Protein chains: 2
Amino acid sequence: MNEEDYIARYKKRNFDAPLVTVDAVLFTYHENTLKTLLVKRSAYPEKGKWALPGGFVSESEDDGLEATLIRKLKEKTGVIPPYVEQLYTFGGPSRDRRGWSITVAYTALIAHQSCEISIDTVSDVNWLPFSKVCQLPLAFDHLDIVNRAHERLVQKALYSIVPAYVLPETFTLPELQHVHEVIIGKPLQKKSFRRRIEQANLLVDTGEKRAEKGRPAALYRMREDSAAYNFIRNLEL
Amino acid sequence: MNEEDYIARYKKRNFDAPLVTVDAVLFTYHENTLKTLLVKRSAYPEKGKWALPGGFVSESEDDGLEATLIRKLKEKTGVIPPYVEQLYTFGGPSRDRRGWSITVAYTALIAHQSCEISIDTVSDVNWLPFSKVCQLPLAFDHLDIVNRAHERLVQKALYSIVPAYVLPETFTLPELQHVHEVIIGKPLQKKSFRRRIEQANLLVDTGEKRAEKGRPAALYRMREDSAAYNFIRNLEL
DNA sequence: GAAACTAAGTATCATTAAGACACTTAGTTT
DNA sequence: AAACTAAGTGTCTTAATGATACTTAGTTTC
């Protein structure tokens, strides 16, 4: 048998393949809180429970796993998040009643304002504070996924400025520091935080300022590729 | 329709699900070199090319993705590696001619001596130096996988002693340092390397020594959970 | 319009961990 | 016994964060 024959025959076989889905833990920052996007399940299984946005891979529509994810997120939020990163793949016979299943989980970050409008109009899609999410009875093993995503986000906050993606394009340093503090769950040293960002030249001063009560804060924008930069040393836990 | 009916009906449907495999980049250290285990493909597609050890998830045999991996590795090497970690999941319509496919890739580490005997008896399973592997025409997208596994291993070598798992249970500090140097591709400061390991108390002195030419080196053993320890600062690249 | 207030941003010293490199030590070989 | 080799240590320098007090730029209050 040559290769062509083999492939042709293979494709006709009825395989006992696991179900494959892709899920996202989409974080944002709103009202001084870290929030996660959840969707209320309208169908079995786990009907009525909160779940992560996601869905089945479509062989015809999707050019890759990340494409599936982006398609699904666009359905729910109307926009494509500026930061998407693969997190971990969960698989096993009992995580979904429909059978042996796999989900490729992603972490994504987005500014709250970017998708505020589309979310508000759909009642079964909601931003929930991360602290509440952990106490909710989420569908499937989605709680494990959320927790792992958060762990990883904490690490990122200690050695990168990736968390900046939960903010709008321009933001102040105090805002960014607060985002990191909310993620890590501890206050940070203002000077240490700013020093390393300045040294690595990760932000551009837009020249504009924003004032609320005290001295106005300078507005910055992320430089190209700043998200890829890792400090050689972590901040203290 | 209630949930039971839904599930029952669901299971009978013939889904257009992607093929799901699991692959391992298994590293070891032998003859002062970092090596990777490869298998010569005996079947279509990509027949005759070198590929990563791995295979299809078995719904009946496997209790999870890692279980699939371990089953496959045991088939090839006869043993279960002491270090296994999920790396990344690759998926898309064109990486395998048989159709839309996914592979969940793992990194695994093992001492060369542990599986020497079983490997030697099978001619289509072979340890190849990492430097050579990169120039070989590997099957599927396995070269991408190998490269990503190596990148991650380099990082681990900079902030952990995970690479110790390519050595036998007891080893000397000069050996461990050399492993790190081979992985990173640069010499390291002896003092810096030792100081941090000592401070974090990651190794236990077995009391025994091993001599080759000069002063005999002390033999150490990894402490429980030492692989989970991350230094807060990276060594220089 | 000046003083008080508030939060942004800076200066500076202490601390910690790595880099560099010379030195000592414990065995083996000649 | 001297020379040799590689393991292991001492110590000073360098680099980055921690801690804390201070200055600055606007707003609010009287």
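Not measured: the values here are computed from a predicted model. By convention in this document, chain letters (A, B, ...) are assigned in the order of the sequence lines, proteins followed by strands, and residues within each chain are numbered from 1.
Listed by first and then second residue, the side chain to side chain donor-acceptor pair (under 3.5 Å) pairs involving residues 213-223 of chain B are B:E169-B:R221, B:N201-B:R223 (not counting sequence neighbours). Sequence neighbours left out, the pairs with a member in residues 151-175 of chain A that pass ring pair (Phe, Tyr, Trp, His ring centres under 6.0 Å) are A:Y83-A:Y165. Here ring pair (Phe, Tyr, Trp, His ring centres under 6.0 Å) pairs that include residues 185-215 of chain A, with residues two or more places apart or in two chains, are A:H180-A:F193.
For A:E75, the CD atom sits in a packed shell: over 12 heavy atoms of surrounding residues, nucleotides or ligands are nearer than 6.0 Å.
Residues meeting the salt bridge (Lys or Arg N to Asp or Glu O under 4.0 Å) test with B:E175, sequence neighbours left out: B:R210. For B:N32, the side-chain hydrogen bond (donor to acceptor under 3.5 Å, both in side chains) partners two or more places apart in sequence, or in a different chain, are B:Y29. Taking the ring-ring contact (aromatic ring centres under 6.0 Å, His included) definition, one finds that B:F90 meets it with B:Y88, sequence neighbours left out. By the side-chain hydrogen bond (donor to acceptor under 3.5 Å, both in side chains) test, A:T68 pairs with A:D62, sequence neighbours left out. Applying the side-chain hydrogen bond (donor to acceptor under 3.5 Å, both in side chains) test to A:S226 and every residue at least two apart in sequence or in another chain returns nothing. Partners of B:E181 under the side-chain hydrogen bond (donor to acceptor under 3.5 Å, both in side chains) rule, at least two apart in sequence or in another chain, are B:Q177.
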Item to check | Pairing string, 5' to 3', for DNA chain C - Watson-Crick or wobble contacts under 3.5 Å, brackets [ ] where pairs cross, | to another strand | outcome: ||||||||||||||||||||||||||||||
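Distance CG (A:L158) to P (D:dA16): 18 Å, rounded to an integer number of Å. Rounded to an integer number of Å, the gap from B:F231 CZ to C:dT16 P is 18 Å. One atom, CD1 of B:I197, and another, P of D:dA7, lie 14 Å apart when rounded to the nearest Å. A straight line from CD1 of A:I232 to C1' of C:dT16 spans 13 Å, rounded to a whole angstrom.
Applying the 4.0 Å criterion to OP1 and OP2 of D:dG8, one finds that B:R194 has a side-chain N or O inside that range. Between B:R196 and C:dA18 there is a side-chain polar atom (N or O) within less than 4.0 angstrom of OP1 or OP2.
Contact check of residues 161-193 of chain B against DNA chain C (heavy atom, cut-off under 4.0 Å) returns B:Q189, B:K191, B:S192.
Residue-to-nucleotide contacts include no donor-acceptor pair under 3.5 Å from the side chain of B:R195 to the base of D:dG10.
Of the candidate nucleotides D:dA7, C:dA8, C:dG19, C:dA8 has the atom nearest to the side chain of A:A217.
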Pairs: protein N or O with nucleotides 26-28 of chain D N or O, under 3.5 Å:
none

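The aromatic rings of A:F231 and A:Y229 stand perpendicular to each other, their planes meeting at an angle above 60°, with 30° marking the opposite boundary.
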